[in-house]
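In what follows, a single structure is set out as structure tokens and then discussed.
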Amino acid sequence: KRHNMGQSMAEDFTFANEQTNQEFITARLWGIADTAPYMHDGRAFTLVEAISMHGSPNSDAVTAAENFAALSDFEKNQVLSFLLSLRTPKEPVKDLLKNKD
């Protein structure tokens, strides 16, 4: 899905309009632990930076960024631990068969 990330994240492609330059396709979370740096252009070196960047004015994700910012440090660490557990399997088929039982 395409999401508007707001003016602060906008690109400046000549043949695109203002709205299109602010929209980006959301990447999958599966494997996020293996994909730093983050964001469409790699400008976020940590997940905390990436989440924070989603809070730019007019961003579709501003509420999610604000909700994360409002968490306690313990709760933030729980969210980050979960995200960092989302690794890309080295052998996906083998992993599925191994866990079939």
Is any side-chain heavy atom of V48 closer than 4.5 Å to one of I51? no

When every non-hydrogen atom of L84 is compared with those of A33, the smallest separation belongs to O-CB, 3.2 Å

Those residues at least two apart in sequence (or on a different chain) that pass salt bridge (Lys or Arg N to Asp or Glu O under 4.0 Å) with D73 are none

Between A36 and F45 the two heavy atoms that sit nearest each other are CB-O, 4.4 Å

Does any N or O in the side chain of D34 come within less than 3.5 Å of the main-chain N or O of R87, such that one atom is a donor and the other an acceptor? no

Using modelled atom types and a 3.5 Å cut-off, is there a donor and acceptor pairing between side-chain atoms of E75 and backbone atoms of L71?
no

Side-chain contact, heavy-atom cut-off 4.5 Å: I32 with Y38?
yes

d(S52 OG, E66 CD) to nearest 0.5 Å is 10.5 Å

ILVMFWY network linking L29 to L80, side-chain heavy atoms under 4.5 angstrom = yes

By side-chain hydrogen bond (donor to acceptor under 3.5 Å, both in side chains), S81 pairs with (sequence neighbours left out) none

task = List the steps, then state whether side chain to side chain contact (heavy atoms under 4.5 Å, CB included) holds for F68 with K76.
result = CA-CA 7 Å; F68 180 80; K76 287 177 186 171; 3.7 Å; yes

